[in-house]
Amino acid sequence: MIRVLFFARLRETLDCQELDLDFSGTVTELKADLAKRGEVWHQAFHAEEVLVAINQVMSKNDECVKAGDEVAFFPPVTGG
Amino acid sequence: MIRVLFFARLRETLDCQELDLDFSGTVTELKADLAKRGEVWHQAFHAEEVLVAINQVMSKNDECVKAGDEVAFFPPVTGG
Amino acid sequence: MDTILVQTQAFNAGELTNRLASATTAHGALVTFTGLVRDQTSDPVESLFLEHYPGMTDSALNDIVAQAKTRWPLGPVTLVHRVGLLYPGESIVFVGVTSAHRAEAFQACEFLIDYLKVKAPFWKKETTPSGQRWVATRSSDNAAAERW
Amino acid sequence: MDTILVQTQAFNAGELTNRLASATTAHGALVTFTGLVRDQTSDPVESLFLEHYPGMTDSALNDIVAQAKTRWPLGPVTLVHRVGLLYPGESIVFVGVTSAHRAEAFQACEFLIDYLKVKAPFWKKETTPSGQRWVATRSSDNAAAERW
């Protein structure tokens with residue numbers, strides 16, 4: 001199982017804060033899986049810039065996700 | 001008459017804070033006159049960098065000094 | 001020696017400044033940056049909500065400070081970021097850097113806020129008379145971070 | 001709106017910071033520089049005497065602030081410089097700048113202190129265990145001022 005988190009506008013768009021999934025593969029593959037969950041999900045992962053952190057570290061699309069990981073998706077950050 | 005002021009290390013070297021002089025001419029000419037006041041004065045105006053302000057504005061050696069002016073000589077500044 | 005905080009409570013930028021000034025007599029230069037909620041005149045911001053990714057913000061801020069310390073010889077550093085609900089005039093973020101010389105202190109302070117703006121997981125949502133809106137990324141922020 | 005002071009009394013950098021932060025809600029970026037008397041370990045500074053040219057310092061500082069304001073769109077600016085006798089850990093100078101955006105605030109703050117360092121008539125004399133000495137100009141200060 002992996003835990004998937006969503007933040008900010010993305011969380012609102014998907015109306016989803018958190019998912020537990022059976023998954024292993026790259027971030028790109030995970031995004032493709034998530035995009036199949038419905039039109040809103042498809043749009044969110046294709047039309048907008050989505051950043052990813054694996055285990056709370058900024059990561060890239062070609063990195064691998066394995067059981068036990070926490071994967072977070074979010075829009076570009078706007079703090080400071 | 002002009003008023004001539006000296007600051008910081010230069011004031012200490014010359015042991016002089018202030019002079020009233022009859023002078024008109026350029027800053028370069030004023031420095032040459034002052035350098036004639038003794039060995040210490042000669043050294044001070046030839047061996048070290050001396051800045052000048054006319055009427056409290058940073059000025060250059062080729063600028064003219066006229067009656068009523070306040071001319072200040074001092075070492076490079078070290079505030080801040 | 002460094003202070004790195006993410007908090008909902010308001011902070012006092014002046015107090016943080018004075019604490020850094022008295023934290024060291026070996027470092028003669030202190031540069032601070034304070035980011036405040038602006039009250040824009042066109043579509044006035046009534047309030048700002050700062051969302052964050054709690055597990056990640058601390059480590060992201062610690063990592064950014066660690067990077068600054070490998071680049072410049074720094075004394076104590078303070079980085080405080082607020083989350084939750086804020087109003088115009090309130091401080092969002094404080095970055096304070098000490099160093100022996102001012103050029104390094106200025107560079108490190110600007111580096112820290114530039115990096116924080118693109119690498120730390122905070123998101124701003126504004127409430128205005130015309131509704132709520134997520135603040136958009138500014139391309140100038142990406143450019144600023146890429147300079148370093 | 002601007003505060004430009006030359007004074008023998010100690011100032012409180014934190015208070016000056018907070019005053020600027022609350023002086024405007026239109027400017028979201030506040031950058032401050034505080035220069036402190038350092039306590040060097042090799043030949044420790046016991047005290048510092050800051051001499052100045054009273055008639056000229058005010059106009060020199062006003063002129064430097066006016067130049068900064070023609071270069072960048074700034075909100076309120078504070079510039080305070082101490083003169084007289086100071087001890088390690090005390091603040092010598094404070095420069096605080098507000099602007100709508102941080103890049104401008106950083107640039108203007110660094111410009112102000114760089115220009116002050118070479119254009120304002122202040123001179124430092126240190127007292128150390130080995131005696132008194134006038135502080136020498138650093139060539140890096142001239143280089144810093146010439147960048148602008």
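Below, read A as the first sequence line, B as the second, and so on, with proteins coming before strands; counting in each chain starts at 1.
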Self-check item: Exercise: identify the closest heavy-atom pair between D:Met56 and B:Gln56
Solution: CG-O, 3.1 Å
Quiz item: What heavy-atom pair brings B:Ala72 and D:Tyr53 nearest, and what distance separates the two atoms?
Solution: CB-CE2, 3.3 Å
Quiz item: What closest approach, in Å, do D:Val118 and B:Met58 show between heavy atoms, and which atom pair accounts for it?
Solution: O-CE, 4.1 Å
Practice problem: Identify which part of D:Ala120 has an atom lying under 4.5 Å from any heavy atom of chain B, answering side chain, backbone, both or neither. | Solution: backbone
Quiz item: Where on B:Leu5 is there a heavy atom nearer than 4.5 Å to chain D: the side chain, the backbone, both, or neither?
Solution: side chain
Quiz item: Are side-chain heavy atoms of B:Glu12 and D:Gln132 found at a separation under 4.5 Å?
Solution: no
Quiz item: Just how far is it from atom OG1 of B:Thr78 to atom NZ of D:Lys125, taken to the nearest 0.5 Å?
Solution: 11.5 Å
Self-check item: Pick from D:Phe33, D:Phe94, D:Trp123 with the largest number of heavy-atom pairs that fall under 4.5 Å of chain B
Solution: D:Trp123
Quiz item: What part of B:Ala53 lies closer than 4.5 angstrom to a heavy atom of chain D: side chain, backbone, both or neither?
Solution: side chain
Quiz item: Between D:Thr137, D:Asn142, D:Val93, which residue shows the highest count of heavy-atom pairs closer than 4.5 Å to chain B?
Solution: D:Thr137
Practice problem: Might you confirm whether atom CG of B:Asp20 has over 12 heavy atoms from other residues, nucleotides or ligands at distances under 6.0 Å? | Solution: yes
Self-check item: Side chains of D:Pro121 and B:Phe7 in contact at under 4.5 Å (non-hydrogen atoms)
Solution: no
